[in-house]
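Report on the structure given below.
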Amino acid sequence: MNIACGFNPNFISGEIPIPDNVSMMELGLAAYNILSTNEKETPLDSYDGNFSLHIARSAITENIKSGVRFINEIMPKSIDVAGTISIGFHLCGNRKDNIGKYGFTPHYESSTEKEQNAISFLKRVSDIYQMETWIENSNFYSSGPEEIFNAIISANHISKKSNSKQIFDLAHLIINALNAKTDPLIFIGMIDWENVIEVHLSGIIVGEDGMFHDGHSEKVHDIVWNCLDKIISSRLINDECYITIEHTENSWLKNLPGYNGDFEKLNSIIIEAKKSKDRPNIIMKNHAKSYLSKILFKSIINKSEIEIAKSESIELLIDRWMLSIERSEINICLTKEEEDEAINSIYYLKSFRNFINR
C-alpha cells in the first residue's frame, strides 16, 4: 500500500509541505492546467512522485457526441506533467441532471445506456492519451440500499469492460449509506477489490438536518478510519493500491497539526499492516503443528521405551522431529492411505519412527 494525497493549493507556495512518503498526488483539472503551464520554480518542483489527473464532472455517461466533445474541447490537449500515470473520473450522471444543474458532481443512477456510454468514453480517453483510466464512486444521496448496490455493480461492470481501474472513495460510500439509513459495511464485499487501485479518505460533515456530506476541509472521520481498519485487516487492499487523503482545501493552512496528523496516522497504519501481513499464515501454521504434536503424542504406544533408548523425553523428541520436518522436503499425511511419492508425502507415525531410528 502506498500513501497519496489530494493537491492542496498551498503546495505551490510551500506553506503546506507535501507530506513525507507521498508517492502519488491527485490533481483536479484546474490544478493540472496550472502545473502544466507554470514556468516559475515552486516547492512542488522537488516532488518526484507520480500524478493522477482527476476529473469530477465529465460527460462520462452522456451520449457519444457529448463525450467526444468533452474530450476534444475540455480535457487537456496532451498530458504535459511528467509522472502522470492515470486519468480518473467520477462515475457521475448527466451534468444537467439533479445536483449537476447547480455545479456539483451529478448523482449517478445506473442503466445499460449509461454503462455503454461510460465504457466507450473511457476506452476513447485511454486510446487518445495512452494512459490508464480510473473511475470513482461519487454518490452521496441514494434513495436506499438497492440503489447503492446497483451503482457498485455498475461500476464493477464498467471498469472491467473498459479495462479501467477503480477508485474506491470510502468516505463517499459511508456518507451515501448513512444518508440511506444503512450500515456501510454491508457493501464492502460487493466491491471488485482486485480492480481497486486507489482508496480515498476524507472528513465527513453533518448538516443541521442530519444529512451527511463530504468534508475535504475536515480531519478524516473516525468512522472512515474504522472502516479502513476492517478493510485492511480483511486483506482486501492489494499491495499496489494508493491510499489517498483528500485534504484539498485552503483552510488546512490554519490547521497544519491536523493536516499532518492524518498522514502520520495513515503511515502508521500501513507500517503495521505490512508487519501483520504474514500473521494469519503463522497462526495457522502454529495451530497445525500443535495439533499434529498432540495426535502424535497420543498415537505413540511405547513412550517409555523410546525415552529410555534415546535418553530424551518424548516431548523433546517430538519437537525435534517437528523441526526436522520443517527443514526437509517431506510433507506429512495423517493416514497411510494418503501417502503419495509424487508430493513426498509420508504417514506421520512412519516419519517419526524413521526419525528416532536413524
Side-chain angles (χ1 to χ4, degrees), residues 4 6-9 26-33 52-63 66-67 69-71 73-76 86-111 113-115 117-119 121-122 125 133-143 147-148 150-156 158-159 162 164-180 184 187 191 196-207 211-218 221 224 244-249:
F7 173 81
N8 189 289
E26 202 172 74
L27 301 162
L29 194 54
Y32 195 87
N33 288 335
S52 177
L53 171 59
H54 193 76
I55 301 174
R57 283 169 52 89
S58 75
I60 183 170
T61 59
E62 296 173 20
N63 62 49
S66 182
R69 184 186 301 113
F70 184 89
I71 295 168
E73 298 180 11
I74 296 178
M75 289 186 63
S86 65
I87 304 174
F89 298 91
H90 280 189
L91 181 56
C92 62
N94 191 300
R95 289 165 294 167
K96 297 185 293 183
D97 292 343
N98 51 73
I99 60 175
K101 180 178 178 65
Y102 305 101
F104 298 97
T105 301
H107 185 84
Y108 173 71
E109 294 182 50
S110 61
S111 71
E113 181 182 2
K114 288 176 182 175
E115 289 174 354
N117 289 342
I119 292 165
F121 179 89
L122 292 165
V125 170
T133 50
W134 301 352
I135 57 170
E136 176 185 345
N137 58 304
S138 62
N139 284 352
F140 299 115
Y141 311 113
S142 295
S143 58
E147 186 179 348
I148 299 173
N150 289 338
I152 291 171
I153 299 305
S154 180
N156 291 344
I158 291 168
S159 73
S162 63
S164 301
K165 300 288 179 61
Q166 287 199 58
I167 302 169
F168 173 57
D169 194 308
L170 185 52
H172 286 184
L173 176 68
I174 291 169
I175 292 165
N176 201 19
L178 293 178
N179 283 334
F187 301 106
I191 309 295
V196 171
I197 188 64
E198 185 181 0
V199 174
H200 280 183
L201 312 178
S202 67
I204 294 175
I205 296 172
V206 183
M211 292 289 283
F212 295 85
H213 311 280
D214 208 10
H216 288 194
S217 61
E218 304 294 316
H221 200 282
V224 178
T244 305
I245 294 181
E246 295 188 288
H247 288 347
T248 57
E249 298 292 332

So, using side chain to side chain donor-acceptor pair (under 3.5 Å) as the criterion, who are the partners of [X] when residues are at least two apart?
X: Asn8; value: Asn10
X: Ser154; value: Tyr108, Glu115
X: Asn150; value: none
X: Glu26; value: His200

Non-neighbouring partners of [X] that pass ring-ring contact (aromatic ring centres under 6.0 Å, His included), sequence neighbours left out:
X: Tyr141; value: His213
X: Phe121; value: Phe89
X: His107; value: none

Just jot down the side chain to side chain contact (heavy atoms under 4.5 Å, CB included) partners of [X], sequence neighbours excluded, or say none.
X: Asn117; answer: Ile64, Glu113
X: His221; answer: Ile204, Ile223, Val224
X: Asn176; answer: Asn139, Ser142, Ile148
X: Ala59; answer: Glu62, Ser66, Phe70, Arg95

Separation of Ser164 OG from Ile119 CD1 (nearest 0.5 Å):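 It is 9.0 Å, given to the nearest 0.5 Å.
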Separation of Ile191 CD1 from Asn137 CG (nearest 0.5 Å):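 The CG atom of Asn137 sits 6.5 Å away from the CD1 atom of Ile191.
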Expected output: side-chain Asn179 to main-chain Ile175 donor-acceptor under 3.5 Å: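 Indeed, once roles are kept as given, a pair shorter than 3.5 Å links the two residues.
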Any residue meeting salt bridge (charged side-chain N to carboxylate O under 4.0 Å, His left out) with Lys114, in chain and number order, not counting sequence neighbours: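 If we apply the salt bridge (charged side-chain N to carboxylate O under 4.0 Å, His left out) test to Lys114, skipping adjacent residues, there are no hits.
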Criterion side-chain hydrogen bond (donor to acceptor under 3.5 Å, both in side chains) on Thr105 and Ser138, from CA distance to verdict: CA-CA 7 Å; Thr105 301; Ser138 62; 5.8 Å; no
